[in-house]
There are 2 protein chains.
Amino acid sequence: MVAQNTDQDSVKLRVGCCTPFIDEPLTESEVTHLAETLSLLAHPIRLRILAILARHAGHVCVCDLEAALPVKQPTVSHHLRLLRDGGLIEGERRGQWIYYAIHREALARVRAMIHTFFDQLGEA
Amino acid sequence: MVAQNTDQDSVKLRVGCCTPFIDEPLTESEVTHLAETLSLLAHPIRLRILAILARHAGHVCVCDLEAALPVKQPTVSHHLRLLRDGGLIEGERRGQWIYYAIHREALARVRAMIHTFFDQLGEA
DNA sequence: CAGATATATTGAAGATTGTCAATATATGAA
DNA sequence: TTCATATATTGACAATCTTCAATATATCTG
């Protein structure tokens, strides 16, 4: 960045670079939370689960998903658990089956958080 | 989902679940690309690099980032490489230093892709 | 109750990721 | 050329992630 050289002594200081800037528009915890949320989204199977649930919310059981996706049942359950733990979907047992649905409010919050991050990038 | 039972014979068919739906509003390659892009964003250090570059685009060298972030220089270079390979940033050598900047068009495309995905979730 | 089906959990194996010390490469200065 | 600095790369290690077979749990049926 800018020289730190004071020109007041003959000691050779670092020139031309690395003046520390006071930065961090983002909180440590904000950035951590955003990264965790993006990680949760960042898997093809989980994206497809969300897309399917969005179109058939409340009417999709695990075996539907297993039939629609190229992974086995334990893997489907695994991804469902991650999404449920992350608050993005909800499951409701009805008889033998558990029907999953998108948690639209949570998803809207995720969308807003990502939106805000890009906005912050923009205001440069 | 809906029973497959035809009621025309006495054979016990699967009832109440797992009628395969013709789904997939998303292409295989679309979903793959989106997941890869989200993975690229989904790291606290990379998010912070992007935030810093957005605010000081074209004036940030690696040592600036090293000073601002809680990781060592090889780790900074590692994340810069991922972001550069992903097309999100660009580096330009000026003398001894390499100054990095956000690739705003690429970032806008990423934003649009994410936006589109959430839109598709919405139209349920 | 026993048998069948739906889903979750466990545990193991392989793949990927993140970090850093050591080293290599590139540039500038003397 | 030799030294110093900036950045990249390599290689190793630990941690995390992904998948699935095997198994457990829950529900329904008879």
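Just so it is clear: chains get the letters A, B, ... in the order the sequence lines come, proteins before strands, and each one is counted from 1.
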From C/dA8, C/dG18, C/dC20, pick the nucleotide closest to the side chain of B/Leu82? C/dG18
Show the numbers, then the answer: is there a side chain to side chain contact (heavy atoms under 4.5 Å, CB included) between A/His103 and A/Leu107? CA-CA 6 Å; A/His103 190 314; A/Leu107 222 57; over 6 Å; no
If the test is side-chain contact (heavy atoms from CB on, under 4.5 Å), which one of A/Asp64, A/Leu53, A/Ile49, A/Ile52 qualifies with A/Tyr100? A/Leu53
If you only use heavy atoms from C-beta on, which nucleotide in C/dA26, C/dT7, C/dT19 is closest to the side chain of B/Ile45? C/dT19
Does B/Arg111 make a cation-pi contact with A/Phe118 (under 6.0 Å, within 45 degrees of the axis)? no
Atom-to-atom span, CG of B/Leu83 to C1' of D/dA8 - whole angstrom: 15 Å
Regarding C/dA8, can its base be found pairing with the side chain of A/Gln73 as donor and acceptor, where the two atoms are less than 3.5 Å apart? yes
Can you measure B/Tyr99 atom OH to D/dA8 atom P for me and round it to whole angstrom units? 13 Å
Tell me the interatomic distance from A/Ile49, atom CD1, to D/dT18, atom P, rounded to whole angstroms. 12 Å
Sugar-phosphate, base or nothing in reach of A/Arg46, heavy atoms under 4.0 Å: sugar-phosphate
Would you say that A/Arg109 contacts A/Glu105 through its side chain, given a criterion of any heavy-atom pair below 4.5 Å between the two side chains? yes
Want to settle it: does A/Gly95 or A/Ala42 sit nearer the 5' end of DNA chain D, counting the closest nucleotide to each? A/Ala42
If only side-chain N and O atoms of A/Tyr100 are considered, is one of them under 4.0 Å from the OP1 or OP2 phosphate oxygen of C/dA8? yes
Rounded to whole Å, the NE2-P distance (A/His79 to C/dT7) equals 17 Å
Return the value, rounded to whole Å, for the distance between atom CD of A/Glu36 and atom C1' of D/dC17. 15 Å
Could you check whether A/Thr32 and A/Glu36, counting side-chain N and O atoms only, form a donor-acceptor pair closer than 3.5 Å? no
Could you tell me how far apart B/Trp97 (CH2) and C/dT27 (P) are, to the nearest whole angstrom? 13 Å
Which whole-number value in Å describes the distance from B/His78 NE2 to C/dT23 P? 21 Å
Atom-pair distance (CG on B/Leu65; C1' on D/dA8), nearest Å: 14 Å
Which nucleotide in C/dT19, C/dC20, D/dA26 has an atom nearest any side-chain atom of A/Arg93: D/dA26
Please tell me which of the listed nucleotides, D/dA6, C/dT9, D/dA21, lies nearest to the side chain of A/Lys72? D/dA21
If you compare every side-chain N and O of B/Arg81 against the phosphate oxygens of D/dA8 (OP1, OP2), does one of them come in below 4.0 Å? no
B/His43 side-chain N/O to C/dT19 phosphate OP1/OP2 under 4.0 Å: yes
Side-chain contact test, heavy atoms from C-beta onward, threshold under 4.5 Å: evaluate it for A/Arg46 versus A/Leu82 and give yes or no. yes
Report yes if a side-chain nitrogen or oxygen of A/Thr75 is closer than 4.0 Å to either non-bridging phosphate oxygen (OP1 or OP2) of D/dC20; otherwise report no. yes
B/Gln96 has a side chain; which of C/dG28, C/dC20, C/dG18 sits nearest to it? C/dG28
Which nucleotide wins on minimum distance to the side chain of B/Ile98, given the candidates C/dG18, D/dA8, C/dA8? D/dA8
